[in-house]
Amino acid sequence: MLYKPVIGLEIHAELKTKTKIFCDSLNDPDEKHPNMNICPICLSHPGTLPVINEEAVKKVIMAGLALNCKIEKNTFFERKNYFYPDLPKGYQISQYLKPLCYEGYLDIKSNPPSREASEGSKRIRITRIHLEEDAGRLYHLPDKDYSLVDYNRAGVPLMELVTEPDFETGQEVRDFTSELQMIWQYLNISEANMEKGEMRVEVNISLTGADGKWGTKVEIKNLNSIKFAADAVDYEIKRQTELLKAGEKVVQETRGWDESGKATFSQRSKEEAHDYRYFPEPDLPPLEITDKQIE
Ligand code: ADP
Ligand code: MG
């Protein structure tokens, strides 16, 4: 029996800007001391208001243009509500209905060629790229009954790129991700250092059977290198194939990558779908992009 892998990526990258997305606190990924680059706005004290950082908007547009995307000229921000101590406001300002960039693509080398890209290459379709804010970092201490939180990263501009499920192998994931990383670094959009968490790759993977029906999707997170992402894909294709061949079912869940054991492992089963209660951000005006900015 033949199973065809169906793989899509979700990739976050911190933007290289002088200041954060909604305030003038510094965006310094190298700050070692916790809670230095913070202010009442990124700590969301009552009464503070966000102001959009034009540089962050420009960098997402630049990423979109480099990746053959359409640019949304009339867009806006939304609140994604969830409650966690790394998120001082209790919601993340993000984009949901109208991402800044949409319907792009990146051609990677491929053998044999497929899709409409030129010979010897394969077209990976990019669904969207949107702009949002990063959260802080939590430190869970092994022998303590409390955790620590560092808000230096809270409010750092972050873009999220989502692809269509166009990948079939770990090698394709590797080719795409390294090309993307080079483009972002070359254009000075992001340092995109995966070890530092400036670029984070999440893999969605399922297998399609001979009947053509899409199988259950597994998500792999916390992959902090391109090699780990590709290795995790190849491992997961084998694991899911063996399960299906044995007549068992693939469970919908989030898995991590164990580099020492060279295997994915279950992190949590998919809880009931999150209800983020998205609604338009009332503290920011709609975002209007001019032709001049795009130019
Ligand atoms: P979710 O709502 O579960 O986050 P999305 O539709 O937002 O799902 O897709 C998230 C990612 O998963 C995208 O990169 C998409 O290409 C990929 N994806 C969607 N369906 C599948 C599938 N059946 N198998 C593998 N990847 C998929
Ligand atoms: Mg999603």
Side-chain angles (χ1 to χ4, degrees), residues 2-13 63-64 67-69 72 78 80-82 92 94-108 110 114-115 117 122-132 158-177 179-181 199-223 226 229-241 243-244 249-257 264 266-278:
L2 193 78
Y3 297 102
K4 181 177 166 290
V6 176
I7 303 162
L9 302 180
E10 292 167 282
I11 303 180
H12 284 92
L67 298 167
N68 310 290
C69 290
E72 185 64 72
E78 280 140 303
K80 178 179 181 177
N81 297 279
Y82 66 95
Q92 178 193 33
S94 181
Q95 296 191 290
Y96 182 60
L97 290 177
K98 284 197 167 191
L100 251 180
C101 316
Y102 61 102
E103 288 176 15
Y105 62 85
L106 179 62
D107 292 340
I108 56 171
S110 137
S114 52
R115 290 202 186 278
K122 170 170 173 174
R123 179 152 297 180
I124 303 296
R125 292 167 300 162
I126 292 163
T127 317
R128 56 184 285 153
I129 313 174
H130 73 250
L131 177 59
E132 59 187 26
L158 193 67
M159 66 180 164
E160 179 178 345
L161 178 150
V162 180
T163 76
E164 292 296 311
D166 288 346
F167 302 88
E168 287 161 74
T169 63
Q171 185 61 46
E172 288 177 0
V173 168
R174 183 196 299 256
D175 290 345
F176 179 88
T177 315
E179 186 72 24
L180 200 64
Q181 186 181 43
M199 176 165 163
R200 303 166 219 155
V201 177
E202 289 164 25
V203 173
N204 296 273
I205 171 166
S206 67
L207 296 186
T208 298
D211 58 2
K213 272 197 205 135
W214 283 21
T216 307
K217 181 174 88 171
V218 167
E219 193 170 355
I220 314 171
K221 287 195 168 174
N222 303 316
L223 298 161
I226 291 176
D231 290 350
V233 163
D234 289 334
Y235 176 87
E236 198 56 25
I237 291 172
K238 276 204 207 109
R239 187 187 72 88
Q240 293 186 19
T241 303
L243 276 176
L244 295 176
K249 284 207 168 86
V250 174
V251 187
Q252 190 184 349
E253 60 184 351
T254 301
R255 298 178 73 88
W257 174 249
T264 62
S266 180
Q267 284 188 313
R268 57 191 158 89
S269 61
K270 192 94 180 177
E271 333 79 290
E272 323 78 78
H274 266 122
D275 182 2
Y276 291 120
R277 298 178 292 119
Y278 280 99

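Both ligands and their constituent atoms are indexed starting at 1 by order of listing. What you see is a predicted model, and the numbers here were worked out from it, not measured in a lab.
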**OP:** Could you go through the salt bridge (Lys or Arg N to Asp or Glu O under 4.0 Å) check for Arg268 and Glu253 one step at a time?
**Re:** CA-CA 6 Å; Arg268 57 191 158 89; Glu253 60 184 351; over 6 Å; no
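- Close contacts of ligand 1 with Val6, meaning ligand atoms under 4.0 Å from a residue heavy atom, involve 24 (N), 25 (C), 26 (N).
- For the residue pair Glu160 and Val162, the shortest heavy atom distance occurs at OE2-CG2, 3.7 Å.
- Using a 4.0 Å cut-off to heavy atoms of Val162, the atoms of ligand 1 that qualify are 13 (C), 14 (O).
- The atoms of ligand 1 that sit less than 4.0 Å from any heavy atom of Ser206 are 22 (C), 23 (N), 24 (N), 25 (C).
- Looking at heavy atoms from C-beta onward, Thr177 lies in side-chain contact with Met199 at the 4.5 angstrom threshold.
- Formation of a donor-acceptor pair under 3.5 Å by the Thr163 side chain with backbone atoms of Leu9 is found in this model.
- Taking distance alone, with nitrogen or oxygen atoms compared against 3.5 Å, Gly215 stays at or beyond that limit from ligand 1.
- Every residue two or more places apart in sequence or in another chain that forms a side chain to side chain contact (heavy atoms under 4.5 Å, CB included) with Asn81 is listed here: Arg79, Tyr91, Arg277, Phe279.
- Scanning Glu164, Glu10, Gln252, Arg125 for the heavy atom closest to atom 10 (C) of ligand 1 points to Glu10.
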Original post:
Does the pair His130 and Glu132 meet the rule for a side-chain hydrogen bond (donor to acceptor under 3.5 Å, both in side chains), with working shown?
Top reply: CA-CA 7 Å; His130 73 250; Glu132 59 187 26; 2.7 Å; yes
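- Considering Thr163, Val218, Ile7 only, the shortest heavy-atom separation from atom 14 (O) of ligand 1 involves Thr163.
- Some N or O of Leu9 is nearer than 3.5 Å to an N or O of ligand 1, by distance alone.
- Every atom of ligand 1 is numbered from 1 in the order shown, and the set under 4.0 Å from a heavy atom of Trp214 is 20 (N), 21 (C), 22 (C), 23 (N).
- Proximity to Pro165 (heavy-atom distance under 4.0 Å) selects the following atoms of ligand 1: 16 (O), 26 (N), 27 (C).
- Under the 4.0 Å criterion applied to side-chain N and carboxylate O atoms, Lys122 and Glu168 are assigned as salt-bridge partners.
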